[in-house]
Undergrad: 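I am attaching a structure below and will ask some questions about it afterwards.
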Amino acid sequence: MTDKVRVRFAPSPTGFLHIGSLRTALYNELLAKHTGGTFILRVEDTDQTRLVEGGIENIVHTMKAMDLEADEGIYLNDKGEVAERGEFGPYLQTKRKDKHTAYAKQLIEMDKAYYCFCSAERLEGLRREQQATGRPTMYDGKCRAVPREEAEKRIENGEKFVIRLKLPKQGTITAWDVIRDDITFDWALIDDQIIIKSDGLPTYHLAATCDDHDMEITHVIRGEDWLPSLPKHLFIFESFGWQAPKYAHLPLLLNADHSKLSKRQNDVAVEDYLKKGYLPQAILNFVALLGWNPTGDRELYSHEELIQMFDLAKVNKAGAVFNLEKLDWMNEHYLRSISEDEYLSLVYPYVKDVNDDHNFVDRALLLVRDRVTLPSQALELTASILKENVDYSSANIAWKTQPKEEAIERLEAVKSILSEISEQDFCKRNARAEHEQSIKKLITEKGWSNGDTLWPLRVALSGQDKSPSPFELLEVLGKKRSLARIDSAIRHLST
RNA sequence: GGCCCCUUCGUCUAUCGGUUAGGACAGCGGCUUUUCAAGCCGUUAAGAGGGGUUCGACUCCCCUAGGGGCUACCA
């Protein structure tokens, strides 16, 4: 078989791109790109009750932000409107309703499906009774006995109906999964699944299988939660005499307590992570390695490298806990590997309101770069530098048990050498090295220690027990602010 | 309850019968140091349990246990 790979990501437009769906989409895309195949985006909107306004746009937009774009199917045009491209459309499932209806009728012709007139009440009662007696809850097949002529007459008379699959009642079916190998199911335990709802629209089972066939999908990569319905899907392919695609059921993403990843315990929308400032490449890298790792001794991969190394057969079987600590670490890594300009543009929006001096703000942001995990933290990390009046109430200006008088003496001495430096030299690029040299020279000459001089100086400049070094602060603050802060600290010590 | 899937350090994972069971995050310790980070170095920590198969099992098979998913006119 040299057929080109055709894979699809088929989300429901129920609001946002789920982080688990992101991984499913990514694995689909990786397989397509790895093999030179086609990545298709189809939207499964057959549940009219769960549609969300703008849901499709949001999903496609988020995928694009994550560097995932389909080669075929749904996309957003220049105006940001939902559009589609490709030879196998439509790619919006409800637009394929006529095809689905025709396929369902064909199944009925072939005696692989039947009309069912059972009311919701009867089904509910049946289920309750089965539960009470400890039996598996499934449809009892009552309408299998309704002759087709009678069924068609009832439909003509306007009676509500659905169409169910007429599954075998005995025997087993063995399905093959790329990740899990053979899986055997007992037909007797599988429900006659509804494939056409009373609103005339198909359920997932019919729509997805028929569309996958029509779109010539070669590999279906989806979540493990679909595994139990695989026999029904294979039954449909078999009934039509179609060749089924290869199936790969991905392990689930888990909460810390190992339950299926949920809103209650985690942020599950990709846009939530984007909003917090996680970088797309960090999210992509992190999610890719949840359930798969090409080597095991390396963690950082670009999208391109993931494509090169992807191997569907090597995907794990067990679910993976979605653990933010590693994502944080990756985000820090990527935050430090991008250019200064890129870094600043990510972080600047969070602090732009604090100080009008753009240049000053940028330099402060650069100073805390090694401390930033998420761009949103930039504000608190730079606050003590950027605000004009330093508050010393929460810090000790004197070092350890150092007497106040000594701290004042050291600050006065440092101030006097700093006063000699021109405004321009004071804050020129890399002035920090010269500040360090001259202040350390002073310390040596006087026979002082680093601690009893540098601690008071640093706290004088930052107002914080914990902060960047005094030399860096001097350079970024500039002469005027630095001297003012030293004066202010001395005053604070004197009272 | 029934069916299906899964099971290596706390977490993500490597290992496709022979390894001192490797890496990463987190943790811990150290170096550096005026502080906090960063960085560098080091370190703790794992094959659920029981049977087989085999010269040899984390790896193959069976059982048990535990976890998860599904059990809708939702996907």
Side-chain angles (χ1 to χ4, degrees), chain A residues 10-14 44-47 49-50 93 116 118 120 123-124 127 130-131 133-138 160-164 175 177 179-180 183-186 188-191 193-205 207-208 222-231 249 251-252 254 256-260 286 289-300 313-314 316-330 332 336 368-372 381 395-396 399-400 443 449-459 462 464-471:
Chain A
S12 293
T14 52
E44 313 224 322
D45 59 342
T46 56
D47 185 356
T49 65
R50 300 210 312 172
Q93 212 157 46
C116 173
C118 292
L123 262 21
E124 180 55 33
R127 197 173 302 128
Q130 287 165 336
Q131 271 165 358
T133 54
R135 307 281 307 157
T137 53
M138 53 193 289
K160 280 265 184 193
F161 70 96
V162 300
I163 298 177
R164 286 180 185 273
D177 181 279
I179 297 169
R180 292 153 209 281
I183 306 161
T184 301
F185 300 85
D186 192 343
L189 271 1
I190 302 175
D191 212 356
Q193 189 69 49
I194 290 175
I195 53 172
I196 297 283
K197 298 177 280 184
S198 56
D199 67 0
L201 284 167
T203 57
Y204 174 88
H205 307 281
R222 62 189 359 176
E224 188 187 8
D225 34 0
W226 285 112
L227 203 47
S229 41
L230 181 54
H249 289 88
L252 261 22
L254 272 24
D257 68 359
H258 288 84
S259 57
K260 189 170 155 180
F286 175 66
L289 265 30
L290 250 26
W292 170 71
N293 191 305
T295 63
D297 57 7
R298 191 181 150 191
E299 314 295 323
L300 300 165
K314 279 191 73 178
N316 287 153
K317 296 177 176 74
V321 172
F322 189 81
N323 183 302
L324 275 323
E325 282 166 343
K326 200 159 187 170
L327 209 210
D328 283 344
W329 169 77
M330 279 190 185
E332 287 166 4
R336 278 156 213 166
V368 300
R369 187 171 179 178
D370 283 347
R371 293 149 203 267
V372 178
L381 287 168
N396 299 305
W399 190 43
K400 294 181 180 171
I443 291 169
S449 75
N450 282 338
D452 60 38
T453 307
L454 297 179
W455 175 279
L457 175 59
R458 190 178 54 72
V459 177
S462 68
Q464 309 282 316
D465 280 344
K466 303 167 182 177
S467 79
S469 85
F471 315 115

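Convention: sequence-line order gives letters A, B, ...; per-chain numbering from 1.
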Undergrad: Output the rounded distance in Å from CG (N293(A)) to P (A24(B)).
TA: 12 Å
Undergrad: In whole Å, what separates the P atom of A38(B) from that of G47(B)?
TA: 31 Å
Undergrad: Nearest whole Å is fine: how far is U13(B) P from L289(A) CG?
TA: 8 Å
Undergrad: Taking OP1 and OP2 of U11(B), is either one under 4.0 Å from a side-chain nitrogen or oxygen of N323(A)?
TA: no
Undergrad: Taking the C1' atom in each of C9(B) and G22(B), what is the distance between them to the nearest angstrom?
TA: 12 Å
Undergrad: How would you summarise protein contacts on nucleotides 26-31 of chain B per nucleotide, using B for base, S for sugar-phosphate only and - for none, with heavy-atom distances below 4.0 Å?
TA: S-----
Undergrad: Which heavy atom in P294(A) sits nearest to a heavy atom in L289(A), and how many Å separate them?
TA: CD-CD1, 4.4 Å
Undergrad: In whole angstrom, give me the gap between the P atoms of C4(B) and C58(B).
TA: 28 Å
Undergrad: Output the rounded distance in Å from NZ (K317(A)) to C1' (U13(B)).
TA: 14 Å
Undergrad: With a non-hydrogen cut-off below 4.0 angstrom, is T46(A) in contact with a base, only sugar-phosphate, or nothing?
TA: sugar-phosphate
Undergrad: For L290(A) and U13(B), what is the distance between atoms CG and P respectively, to the nearest whole Å?
TA: 6 Å
Undergrad: Taking the nucleotide of RNA chain B with the closest heavy atom to each, which residue, K314(A) or G451(A), is nearer the 5' end?
TA: K314(A)
Undergrad: Looking at W399(A) and N450(A), would you say the former's side chain and the latter's main chain have a donor-acceptor pair under 3.5 Å?
TA: no
Undergrad: So, using side-chain hydrogen bond (donor to acceptor under 3.5 Å, both in side chains) as the criterion, who are the partners of R164(A) when residues are at least two apart?
TA: none
Undergrad: Across all strands, who's sitting opposite G29(B) as a Watson-Crick or G-U wobble pair, both distances under 3.5 Å?
TA: C41(B)
Undergrad: If you measure from the Lys or Arg side-chain nitrogens to the Asp or Glu carboxylate oxygens, is any gap between E224(A) and R180(A) under 4.0 Å?
TA: yes
Undergrad: Using the C1' atom as the point on both nucleotides, what is the distance between G69(B) and G27(B), in whole Å?
TA: 32 Å
Undergrad: Take atom CG of L227(A) and atom P of G2(B), then tell me their distance rounded to the nearest Å.
TA: 19 Å
Undergrad: At under 4.0 Å between heavy atoms, what does G223(A) touch on the DNA or RNA strands: base, sugar-phosphate, or nothing?
TA: nothing
Undergrad: Quick check on A72(B): is either OP1 or OP2 less than 4.0 Å from any side-chain nitrogen or oxygen of R127(A)?
TA: yes
Undergrad: May I ask which nucleotide in the shown strands pairs with A57(B), Watson-Crick or G-U wobble, both distances under 3.5 Å?
TA: none
Undergrad: Contact class for T184(A) (heavy atom, under 4.0 Å): base, sugar-phosphate, or nothing?
TA: sugar-phosphate
Undergrad: Mind checking V162(A) for me? I need base, sugar-phosphate or nothing, with any heavy atom below 4.0 Å counting as a touch.
TA: base
Undergrad: Under 4.0 angstrom, heavy atoms only, what part of the nucleic acid is P470(A) near: base, sugar-phosphate, or nothing?
TA: base
Undergrad: Expressed as a whole number of angstroms, how long is the span from Y204(A):OH to U71(B):C1'?
TA: 17 Å
Undergrad: Would you indicate what T295(A) reaches in the nucleic acid, counting non-hydrogen atoms under 4.0 angstrom: base, sugar-phosphate, or nothing?
TA: sugar-phosphate
Undergrad: Indicate, with a heavy-atom threshold strictly under 4.0 Å, whether T203(A) touches base, sugar-phosphate, or nothing.
TA: sugar-phosphate
Undergrad: Any donor-acceptor pair under 3.5 Å linking the side chain of R298(A) with the backbone of L300(A)?
TA: yes
Undergrad: Under 3.5 Å between N/O atoms: give me all the protein pairs with nucleotides 67-69 of chain B, atom names plus distance.
TA:
from	atom 1	to	atom 2	distance (Å)
G69(B)	OP1	K260(A)	N	3.1

Undergrad: Looking at the side chain of S198(A), which of C73(B), C3(B), U71(B) is the nearest nucleotide?
TA: C73(B)
Undergrad: Return yes if some donor-acceptor pair links the side-chain N/O of N293(A) with the main-chain N/O of G296(A) below 3.5 Å, else return no.
TA: yes
Undergrad: Taking atom P in both A24(B) and U34(B), compute the distance separating them and give it to the nearest angstrom.
TA: 30 Å
Undergrad: Indicate yes or no for a side-chain donor-acceptor contact from K160(A) to the backbone of D199(A) under 3.5 Å, with no hydrogens or angles considered.
TA: no
Undergrad: Within the modelled atom types, does a donor on one side and an acceptor on the other bring the side chain of E299(A) and the base of G23(B) under 3.5 Å apart?
TA: yes
Undergrad: Does the distance from a Lys or Arg side-chain N to an Asp or Glu carboxylate O, for D452(A) and K400(A), drop under 4.0 Å?
TA: no
Undergrad: So which nucleotide does U19(B) pair with, by the Watson-Crick or G-U wobble rule with both distances under 3.5 Å?
TA: none
Undergrad: Using the P atom on both, measure C70(B) against U11(B) and round to a whole Å.
TA: 22 Å
Undergrad: Verify, without hydrogens or angle tests, whether T46(A) (side chain) and T203(A) (backbone) share a donor-acceptor contact under 3.5 angstrom.
TA: no
Undergrad: For G66(B), give its Watson-Crick or G-U wobble partner with both distances under 3.5 Å, or none.
TA: C6(B)
Undergrad: Closest nucleotide of RNA chain B for L189(A) versus for P468(A): which of these residues is on the 5' side?
TA: L189(A)
Undergrad: Report which part of the nucleic acid F286(A) touches: base, sugar-phosphate, or nothing (heavy-atom distance under 4.0 Å, all strands).
TA: nothing
Undergrad: Which part of the nucleic acid, if any, lies within contact of N316(A), taking any heavy atom under 4.0 Å across all strands shown: a base, the sugar-phosphate backbone alone, or nothing?
TA: sugar-phosphate
Undergrad: Looking only at heavy atoms, which two atoms of S198(A) and V162(A) are closest? And how far apart?
TA: N-CG1, 3.7 Å
Undergrad: Would you tell me whether R458(A) and S467(A) have side-chain atoms, one donor and one acceptor, within less than 3.5 Å of each other?
TA: yes
